[in-house]
Amino acid sequence: MKQKESIKKTEITHPVSGTVMMIDTAIYKPFKAAIIQCLKKTKGKTFTELVADVKKIIKKTYPAFKGSVSWYTISVLHNLQTEGIAIYYKEKGKKYNCLA
């Protein structure tokens with residue numbers, strides 16, 4: 001009987017609820033890099049703007065990806081907030097995400 005190859009997982013944590021999830025490291029790493037790249041040299045982006053930019057990067061760097069870009073973006077972004085890498089602020093009724 002063949003053993004399944006073990007898939008490396010990364011633990012991600014929600015900054016408010018503390019909920020912990022495990023996602024594939026092979027997915028986490030490109031999303032983390034894409035989010036950081038999108039937020040560099042900007043004072044902040046709305047979630048919609050961030051997802052649109054991340055989607056462009058993921059299509060280029062991870063063309064085989066078939067999951068929900070929005071779901072992974074928010075999940076990884078929340079983890080980056082927990083780690084103190086990203087923050088959000090409100091301005092004129094809109095919520096903006098930026099690097100800490």
- Test side chain to side chain contact (heavy atoms under 4.5 Å, CB included) applied to Thr13 and Thr19, step by step: CA-CA 6 Å; Thr13 308; Thr19 304; over 6 Å; no
- Short side-chain donor-acceptor distance under 3.5 Å, Tyr89 and Asn97: no
- I would like to know whether Met22 and Thr10 meet side chain to side chain contact (heavy atoms under 4.5 Å, CB included); could you show each step before the answer? CA-CA 5 Å; Met22 302 296 285; Thr10 298; over 6 Å; no
- Message: Pair Leu77, Phe31 - check side chain to side chain contact (heavy atoms under 4.5 Å, CB included), show working.
- Response: CA-CA 9 Å; Leu77 179 62; Phe31 271 86; over 6 Å; no
- Query: Got a donor-acceptor contact below 3.5 angstrom from the Thr82 side chain to the His78 backbone?
  - Reply: yes
Side-chain contact test, heavy atoms from C-beta onward, threshold under 4.5 Å: evaluate it for [X] versus [Y] and give yes or no.
| X | Y | value |
| --- | --- | --- |
| Met21 | Ile12 | yes |
| Lys95 | Thr46 | no |
| Gln81 | Ile87 | no |
| Val76 | Ile23 | yes |
| Cys98 | Lys43 | no |

Between [atom1] on residue [X] and [atom2] on residue [Y], distance to nearest 0.5 Å:
| X | Y | atom1 | atom2 | result |
| --- | --- | --- | --- | --- |
| Ser70 | Lys55 | OG | NZ | 5.5 Å |
| Thr25 | Ile7 | OG1 | CD1 | 10.0 Å |
| Glu91 | Tyr96 | CD | OH | 6.0 Å |
| Thr61 | Gln37 | OG1 | CD | 8.5 Å |

- In short, Lys60 meets Pro63 closest at the heavy-atom pair O-CD, 3.9 Å
- Query: Which heavy-atom pair separates Val69 from Thr73 by the least distance, and what is that distance?
  - Reply: O-OG1, 2.7 Å
- Item | Plane angle bin for Tyr72 and Phe65 - parallel if under 30°, tilted between 30 and 60°, otherwise perpendicular | perpendicular
Grouping I, L, V, M, F, W and Y whenever their side-chain heavy atoms are under 4.5 Å apart, do [X] and [Y] come out in a common cluster?
| X | Y | answer |
| --- | --- | --- |
| Tyr62 | Ile36 | yes |
| Ile85 | Tyr88 | no |
| Ile74 | Leu99 | yes |
| Ile57 | Leu39 | no |

- Would you find more than 12 non-hydrogen atoms of other residues, nucleotides or ligands less than 6.0 Å from Lys9 atom NZ? yes
- Would Lys8 and Asp24 satisfy salt bridge (charged side-chain N to carboxylate O under 4.0 Å, His left out), going step by step from the backbone distance to the final call? CA-CA 6 Å; Lys8 283 189 171 186; Asp24 291 353; over 6 Å; no
